[in-house]
Amino acid sequence: MKVGFTMAIPIIDLHCDALLRMYEHDYDFYSSPHLDVNVEKLQAGHVQAQAFAIFVMPDWSKEQKLAAALKQVDYFNKQVIRENVVHIKKWADFNQLRPGQIGAFLTIEGVGFFGGDIEIYHQFQKFGVLVIGLTWNGANEAADGLCSDLGRGVTAFGKEIIRLNNAYKIFTDVSHLNVQSFWNVLEHADYVLATHSNAKRVCDHPRNLNDAQIKAMIAKNAPIHVVYYPEFTTGTNNATMQDLLRHVDYICAMGGKHLIGIGSDFDGIDYKIVDLEHAGMHQNFINELLKHYSEADVRGFAYANFLTHLPK
C-alpha cells in the first residue's frame with residue numbers, strides 16, 4: 001500500500017536492474033507491470049534521474065555475456081530513451097533536464113563481459129556509461145569480488161579501467177568488491193561511490209560497508225547510496241522503512257550525512273521493504289525521512305548530495 005506524503009522531493013536512484021529483466025523476459029519498459037522500474041512508476045515516484053545497470057550472469061559464456069550486454073544497451077536506447085526520458089551521457093547533462101523530463105544513464109555492474117579486452121571498455125564508454133563496478137560478487141579479469149578471495153584485489157586490467165575512469169570522469173563503484181579490492185579502488189580511483197550498500201554495523205552482511213570503509217569513503221568525499229534490499233537492511237527477507245532509516249542514521253552519525261543517496265536495486269531483488277516495493281513508492285521513504293531530518297537534509301539524501309559530488 002502506498003502511504004501519503006507531505007511533499008514530493010525529486011529522486012536520483014543510482015541502481016536498478018530493469019535492463020536485465022527486459023533482456024531476460026522481453027518486458028516492455030513503457031507498459032509492463034512486471035518491472036519495478038517503468039515510466040509510470042518513475043513518474044509516480046518523482047524520479048528525476050534513474051541509473052540503469054548493465055549486468056550479465058557470471059556463468060554465461062564469453063560470447064553470451066557480450067551479446068547480453070549489447071542487447072541491454074539496445075533495450076535502453078530503443079525503449080527507455082524516448083518521449084520524456086532523456087539520455088544523460090555526461091554529467092553536465094543533468095543541468096539540461098527540463099521540468100517533467102526524467103534523466104536516464106547507463107552503469108556497469110561487473111566488467112566480466114569485457115573478457116579482459118580494453119577495447120570493449122572504450123566501446124561502452126562511447127555508449128555513455130557513467131559508473132563502472134569492476135565485478136559483481138565473484139572474481140573476473142579486473143578484480144576479486146565479495147564472494148571471492150584469490151588474493152589479487154584489483155588486477156592490472158582493473159587498474160587500467162580505473163585509470164580510464166579517472167580520465168573520462170567515470171565513477172568506480174565499490175558496492176560488490178571484497179575488502180582488498182575496495183582498498184585498491186580507493187587508492188587508485190579519483191571518483192568513487194557505492195551505488196547500493198548499507199552499513200555493516202547495523203546489519204552484519206558482507207555486502208555492507210564496515211566502519212573503516214565508511215570512514216574511508218567519507219575521507220574520500222565519496223557518495224554512499226543506501227539500498228532497499230531487506231537482506232542488506234535487517235539480514236532477513238523482511239524490513240521496514242524504519243529499519244532502512246537506521247542505516248541512514250548510522251552513516252550520518254559517522255559524519256557522512258552529506259554523502260548519503262539512494263540506490264534502490266529495484267528489479268534486482270526478490271524481497272522488498274514494506275511500502276517500498278517499486279519506483280512509484282520512493283516518496284514513502286521521503287515522507288519517513290522528513291519525520292526525522294530537515295527538508296534540506298532529505299533533499300540531500302534524495303538527489304542533491306549526488307549532484308554536489310559529481311566529477312568536475
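Note that this is a predicted model, so its numbers are computed, not measured.
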Mind listing the side-chain donor-acceptor pairs of residues 290-303 below 3.5 Å, one per line with the distance, residues two or more places apart or on another chain?
from : atom 1 : to   : atom 2 : distance (Å)
K291 : NZ     : E288 : OE1    : 3.2
H292 : NE2    : E288 : OE2    : 3.3
Y293 : OH     : D249 : OD1    : 2.4
S294 : OG     : D297 : N      : 3.1
S294 : OG     : D297 : OD2    : 3.3
E295 : OE2    : R299 : NE     : 2.8
E295 : OE2    : R299 : NH2    : 3.1
D297 : OD2    : K257 : NZ     : 3.3
R299 : NH1    : Y303 : OH     : 3.3

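Here side chain to side chain donor-acceptor pair (under 3.5 Å) pairs that include residues 109-124, with residues two or more places apart or in two chains, are H15-E109, E109-H176, E109-H196, Y121-N165. For residues 217-240, no pair satisfies salt bridge (charged side-chain N to carboxylate O under 4.0 Å, His left out), with sequence neighbours left out. Residue pairs meeting the side chain to side chain donor-acceptor pair (under 3.5 Å) criterion with at least one member in residues 54-74, sequence neighbours excluded: D74-K78.
Under a hydrophobic-cluster definition in which Ile, Leu, Val, Met, Phe, Trp and Tyr are linked whenever side-chain heavy atoms come within less than 4.5 Å, directly or via other members, V274 and F266 are assigned to different clusters.
Remark: R82 qualifies as a cation-pi partner of Y30 under the 6.0 Å distance and 45° angle criteria applied to the six-membered ring.
With ring centers used as reference points, F113 lies under 6.0 Å from F124. Aromatic rings of Y191 and W91 (six-membered ring for Trp) have centroids beyond the 6.0 Å cut-off, not under it.
A donor and an acceptor atom, one from each side chain of T240 and D243, are located under 3.5 Å apart. Donor-acceptor pairing under 3.5 Å is lacking for the side chains of Y27 and N38.
Judged by distance alone, the side chain of D267 and the main-chain N or O of C16 form no donor-acceptor pair under 3.5 Å. A donor-acceptor pair under 3.5 Å is formed between the side chain of N208 and the backbone N or O of F232.
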CA sep, side-chain torsions, deciding dist, call: S181, N184, side chain to side chain donor-acceptor pair (under 3.5 Å): CA-CA 5 Å; S181 295; N184 290 160; 5.2 Å; no
Candidate pair D13 and S264, rule side chain to side chain donor-acceptor pair (under 3.5 Å), full reasoning: CA-CA 6 Å; D13 180 359; S264 67; 2.6 Å; yes
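The salt bridge (Lys or Arg N to Asp or Glu O under 4.0 Å) check on D36 picks up K272, with sequence neighbours excluded. T107 is linked by a side-chain hydrogen bond (donor to acceptor under 3.5 Å, both in side chains) to nothing, counting only residues two or more places apart in sequence or in another chain.
Note that CE of M241 is 5.0 Å distant from CG of D275, once rounded to the nearest 0.5 Å.
Within 6.0 Å of the OH atom in Y271, the count of heavy atoms belonging to other residues, nucleotides or ligands does not exceed 12.
Under the 4.5 Å side-chain criterion, counting only non-hydrogen atoms from C-beta, H278 is not in contact with V37. Side-chain contact between W136 and F55 is present, with heavy atoms from C-beta onward closer than 4.5 Å.
Salt bridge absent: E24 and R21 never bring a charged side-chain N and a carboxylate O closer than 4.0 Å.
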